[in-house]
There are 2 protein chains.
Amino acid sequence: MEKEKTDKKDHILDVAEKVFSELGYDGASTRLISGEANVNMAMLNYYFGSKEGLFIAVFERKINLFRTLLQNINEDESLSSWNKLELYIDKYVDRVVANSCFQKLVNREVSLSRHAEINEKITDILMTNVLEFKKVMQEGVDNGSFFEGADIGLCIATIFGTKNYIINTPQVASRMLGKDVLDENFLESELKPRMKIYMKKLLKSYLATEK
Amino acid sequence: MEKEKTDKKDHILDVAEKVFSELGYDGASTRLISGEANVNMAMLNYYFGSKEGLFIAVFERKINLFRTLLQNINEDESLSSWNKLELYIDKYVDRVVANSCFQKLVNREVSLSRHAEINEKITDILMTNVLEFKKVMQEGVDNGSFFEGADIGLCIATIFGTKNYIINTPQVASRMLGKDVLDENFLESELKPRMKIYMKKLLKSYLATEK
DNA sequence: CAAATTTAATCAAACGATTGATTAAACTAC
DNA sequence: GTAGTTTAATCAATCGTTTGATTAAATTTG
């Protein structure tokens, strides 16, 4: 029964992640989540203690999937700073687009000042990625690959912000780009490679600027 | 009495804007808003029909303040495309930072798929700014000021996204920049000029790229 | 001008619906 | 049988909204 229990918990987490992503924390009622998951409402509290506990459980499951993703790139000493940054961008675009609903959820809830505990958890998740990017860019500045006056902090805001903008406001982005950014075909075959090319070129031209 | 009525409506809108910005649409109850505004709860419905109507009223008041801000720049024919873009960035950073709470609210709610009518309204607001930026950049590409292959759509995502990232996730941005981005002093005397310099340099180096 | 009437503004109270949470009983498996 | 699950029923609290009554100002009427 232990195995089934884990399965059921995981199933609830799957559904909760989806519903939370679509409707936000407040908009996703426990009744709806339990209904979608075909479990009794009381099961949510039985397994996760509370709605907030369920929300955090959704997050903690994701962290473990994310954490190791970028870290091993930075340890490869055969790569130049620029190569590393390129690899980071590739991985980042791929991963993030594949989890866009969840990313949206993260960005939405972290911008609210309620639910202090939730907020802290999310900030921690986001920081792990931020710091990985920062490390490789700072290294590039230090070894002279990138120009000395480069504003690393704002560069990172650009990398994450550009992506977030498309993910978080797809209606606006769709109107702007003339195509539906939620269309899986367009996203995969056109937007993803286009984003990679653009972000590399953008960063390269900036970071290569003469002093 | 007509004057007082307008004053009171405006006062409600002021309070509603603040409470919505802090707590989000769902988090801001009509009871709290009316309490903060020191008016009877029923007045909200009397004046604005519904909570949704109140929310939209808050927005529409903002549109009228924003709309004309950028438009006259583009009509000045003595300015080069690059000059215009620089002016846009200056105005944009100034304006947006001054309304960061409201901007946060906008970005949070537009990323939700509930409240269809609200969503449409917000999208329309955001598009007016987006299109102004797009116009001046497209003009620059057409007259040869910017390089032909420039990805205008993603450039705009960068401009708005970089700003949004700092505004929407201040906890993360603060940790990244090593200073509190919500500190009014740092924001005004350091971050704002820094953002302007950075974004101009970033865009200039990208848009000036050789074919 | 003054009385009569209409309109707009405001209020306390209550509405039905929904929220997250809890309970005690029923069921399941070893 | 007993420990672990699952269920339906129910809880108090809060939500956005509506109501009917009251007040004051504006308008109409004689």
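For clarity, every value in this text was computed on a predicted model and none was experimentally measured. The chains referred to below are lettered A, B, ... by the order of the sequence lines, with proteins before strands, and numbering in each begins at 1.
Contact annotation: Lys8(B) reaches the phosphate of dT10(C) (side-chain N/O to OP1 or OP2, under 4.0 Å). Contact annotation: Asn40(B) side-chain N/O to dA9(C) OP1/OP2 distance is not under 4.0 Å. Distances shown here put a side-chain N or O of Tyr46(A) below 4.0 Å from the OP1 or OP2 atom of dT5(D).
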Sort me out a list of protein N/O and nucleotides 13-17 of chain D N/O pairs below 3.5 Å, or just none if empty.
unit_1: dG16(D); atom_1: OP1; unit_2: Lys51(B); atom_2: NZ; d: 2.5
unit_1: dG16(D); atom_1: OP2; unit_2: Thr30(B); atom_2: N; d: 2.9
unit_1: dG16(D); atom_1: OP2; unit_2: Thr30(B); atom_2: OG1; d: 3.2
unit_1: dG16(D); atom_1: N7; unit_2: Arg31(B); atom_2: NH1; d: 2.8
unit_1: dG16(D); atom_1: O6; unit_2: Arg31(B); atom_2: NH2; d: 2.7
unit_1: dT17(D); atom_1: OP2; unit_2: Asn45(B); atom_2: OD1; d: 3.3
unit_1: dT17(D); atom_1: OP2; unit_2: Lys51(B); atom_2: N; d: 2.7

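Checked for salt-bridge contact, Arg61(B) and Asp14(B) meet the test: a charged N lies under 4.0 Å from a carboxylate O. Look at Lys204(B) and Glu86(B) and you find no salt bridge, because none of the NZ, NE, NH1 or NH2 atoms lies under 4.0 Å from a carboxylate O. A salt bridge does not link Asp76(B) to Lys84(B): none of the charged nitrogens lies less than 4.0 Å from a carboxylate oxygen.
Between Phe102(B) and Phe59(B), the angle of the ring planes lies from 30° to 60°, which puts this pair in the tilted group.
Using a 4.5 Å cut-off on side-chain heavy atoms (C-beta onward), Lys51(B) and Tyr25(B) make contact. The shortest side-chain heavy-atom distance between Asn129(A) and Phe160(A) falls under the 4.5 Å cut-off. Between Thr169(B) and Thr123(A) there is no side-chain heavy-atom pair separated by less than 4.5 Å.
Met43(A) has its CE atom 14 Å from the C1' atom of dA26(C), to the nearest Å. Rounding to whole angstrom units, CG of residue Leu54(A) and C1' of dA21(C) are separated by 14 Å.
With sequence neighbours excluded, the residues that form a salt bridge (charged side-chain N to carboxylate O under 4.0 Å, His left out) with Arg175(A) are Asp124(B).
If one axis is set at each end of the helix from dC1(C)-dG30(D) to dC30(C)-dG1(D) from five pairs, those axes are 30° apart, to 10°.
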